[in-house]
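Just so it is clear: chains get the letters A, B, ... in the order the sequence lines come, proteins before strands, and each one is counted from 1.
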2 protein chains.
Amino acid sequence: MIAPELLEKYGALKKSFDKNEIIFEEGNLPTHYYQIISGQVKMSNYNDDGREFIQGIFYKEQSFGEPPLFLNQKYPANAIAVDDSEVLLLPKNNFLKLLEENPAISLKIIENLAQRLYYKSVMAAEMSTQEPEHRVLKLIDHGIAYFNFKKDANGYHINFTRQQIGDLTGLRVETVIRTIKALEKKGLLKIINRKVYR
Amino acid sequence: MIAPELLEKYGALKKSFDKNEIIFEEGNLPTHYYQIISGQVKMSNYNDDGREFIQGIFYKEQSFGEPPLFLNQKYPANAIAVDDSEVLLLPKNNFLKLLEENPAISLKIIENLAQRLYYKSVMAAEMSTQEPEHRVLKLIDHGIAYFNFKKDANGYHINFTRQQIGDLTGLRVETVIRTIKALEKKGLLKIINRKVYR
DNA sequence: TTCATTTTATGACTTTAATCATAAAACAGC
DNA sequence: GCTGTTTTATGATTAAAGTCATAAAATGAA
């Protein structure tokens, strides 16, 4: 996260996106640095027959879509508002100037990219070799650490739909539903009127 | 890549690893920055029943294992020499000092992490939603751009074993062998005495 | 040059998640 | 409050990759 005041000093502008509105599209060249003020944004791909894979979900104070910005490459995925969201947009050149003039920010960017690479490494290993129960549990446990799940009397409330869990783990909804039930039976999580807790 | 002279100025030492020797292990805390002088290194995970997933393969002048270094987290995978290899090791604190005193290097690190994140994004989407032919082809095409495949009269020589392709895509050897044959039949690649070309 | 190991290969079969069909409950918009 | 959509749910069936067995070719080490 970069302080909003600093971003604004370099010319960042606030933009609002409605729920399900596209922020940028796969295949386009990056033009801005994006940082969320409020709401949530997902980055995802659609394969040939319309099946979705969610690369990640981002919340307030988080940035997204930087890698292609540094590489002059096309976006490998779409960014879509999951809820009504407000986002700060800083044009690429201003962003690079900001980095140059504020070396401490570079370390923040590095740490952020390192964190995301870490998540992708863990999930890639899970998704390639582990069975559904393992995959779902790993996603949930990662989510507790890095997504904004709230803890209450029942434990952490995993506020993802079964479909979202499927799209994040590469499983189908039905499989996720069955897997979650199996995990509950094993006592690894709780289902309280359809909500999942851990 | 950071210039070897600069690394040595900050106290980096050269270390040799035999083929199949472990450089560092999953679960350990990072102590050094690693940059390859010669040979090749893979980062990989083994799941509960011994199945391997290769996170990536790295060659001369490339660094590996940085993310946990920036996050003070444990390594999410093992680093193993694929061939006899020489690696420059720079202790963590010296590396951070180097970064601090050479701001231009930070941008290099950022670009490198961005590149790896880009690869992982593309492969994650493939691995979760696409059929084997698509997955193998994507890996090969990515490899042409970023691994050191050599081009000759037959095209790019994909010098991965079927097993390695399987470990990189989450498929079993037999499936890779059959998939490659199917891709050859479709004219998407060539097999010339067991070697794969594209 | 020989021998052990790795890599590629192929067929038969099995398992597991995907698919398909259907429906109830919950939620959101009007 | 009604209605359309989304989410959760369950059972039956299918397809596709995994598994198992076996072997030839290639490679590398002694």
Q. Between B/T179 and B/T175, is there a donor-acceptor pair closer than 3.5 Å when you use the side chain of the first and the backbone of the second?
A. yes
Q.
Under 4.5 Å between side-chain heavy atoms, counting indirect links through other Ile/Leu/Val/Met/Phe/Trp/Tyr residues: same cluster for B/L71 and A/L107 or not?
A. no
Q: Could you tell me whether B/Y75 and B/F24 have their ring centroids closer than 6.0 angstrom?
A: yes
Q.
Please encode protein proximity along nucleotides 24-30 of chain D as a string of B, S and -, counting only heavy-atom distances under 4.0 Å.
A. -SS----
Q | B/H142 ring center within less than 6.0 Å of B/Y119 ring center | A | yes
Q) the helix from C/dT1-D/dA30 to C/dC30-D/dG1: angle between its terminal axes, five pairs each, to 10°? A) 70°
Q. Ion pair present between B/K74 and B/E26, side-chain N to carboxylate O less than 4.0 angstrom?
A. no
Q: Under 4.0 Å from any atom of DNA chain C, heavy atoms only: list the residues of residues 51-60 of chain A that qualify, in numerical order.
A: none
Q: Rounded off to whole Å, could you give me the CD1-to-C1' distance for the A/I191 and C/dA25 pair?
A: 15 Å
(Q) Check this for me: does any side-chain nitrogen of one of B/K186 and B/E133 sit under 4.0 Å from a carboxylate oxygen of the other? (A) yes
Nucleotide N/O to protein N/O under 3.5 Å, stretch nucleotides 28-30 of chain C:
none

Q) Quick one: do B/V176 and B/L168 end up in the same hydrophobic cluster if we chain Ile, Leu, Val, Met, Phe, Trp and Tyr together by side-chain heavy atoms under 4.5 Å apart? A) yes
Q.
Is it true that, when you exclude A/E100 itself, more than 12 heavy atoms of the residues, nucleotides or ligands shown sit nearer than 6.0 Å to its CD?
A. no
Q: Please check if B/I54 and B/V41 belong to a single hydrophobic cluster, counting links between Ile, Leu, Val, Met, Phe, Trp and Tyr side chain heavy atoms closer than 4.5 Å.
A: no
Q) For B/Q40 and B/K60, what are the C-alpha separation, side-chain angles and deciding distance, and is it a side chain to side chain donor-acceptor pair (under 3.5 Å)? A) CA-CA 7 Å; B/Q40 45 179 329; B/K60 70 166 187 292; over 6 Å; no
Q: Hey, can you tell me if A/F160 and A/F147 have their rings parallel, tilted or perpendicular (30° and 60° cut-offs)?
A: perpendicular
Q. Can you check whether A/L117's main-chain N or O pairs, donor with acceptor, with A/S121's side chain at less than 3.5 Å?
A. yes
Q: Quickly work out the A/M127 CE to C/dA17 C1' distance and round it to whole Å.
A: 14 Å
Q. Does the pair A/E66 and A/Y34 meet the rule for a side chain to side chain donor-acceptor pair (under 3.5 Å), with working shown?
A. CA-CA 8 Å; A/E66 305 96 306; A/Y34 295 85; over 6 Å; no
**Q.** Residue-level proximity of residues 175-183 of chain B to DNA chain C when a heavy atom falls under 4.0 Å
**A.** B/I177, B/R178, B/K181
Q | Atom NZ of A/K92: over 12 foreign heavy atoms under 6.0 Å | A | yes
Q | B/D84 (side chain) donor-acceptor with B/D18 (main chain) under 3.5 angstrom | A | no
Q. Can we say A/R51 and A/D167 salt-bridge, meaning some charged N sits less than 4.0 Å from an Asp/Glu carboxylate O?
A. no
Q | Value in whole Å for how far the P atom of D/dT5 lies from CG of A/N20 | A | 14 Å
(Q) Let's see if you get this right: which residues in residues 155-174 of chain B place a heavy atom under 4.0 Å from DNA chain D? (A) B/G170, B/L171, B/R172, B/E174
**Q.** Salt bridge B/E86-B/K14, side-chain N to carboxylate O under 4.0 Å
**A.** yes
Q. Is B/E52 salt-bridged to B/K42, going by a charged N under 4.0 Å from an acidic O?
A. yes
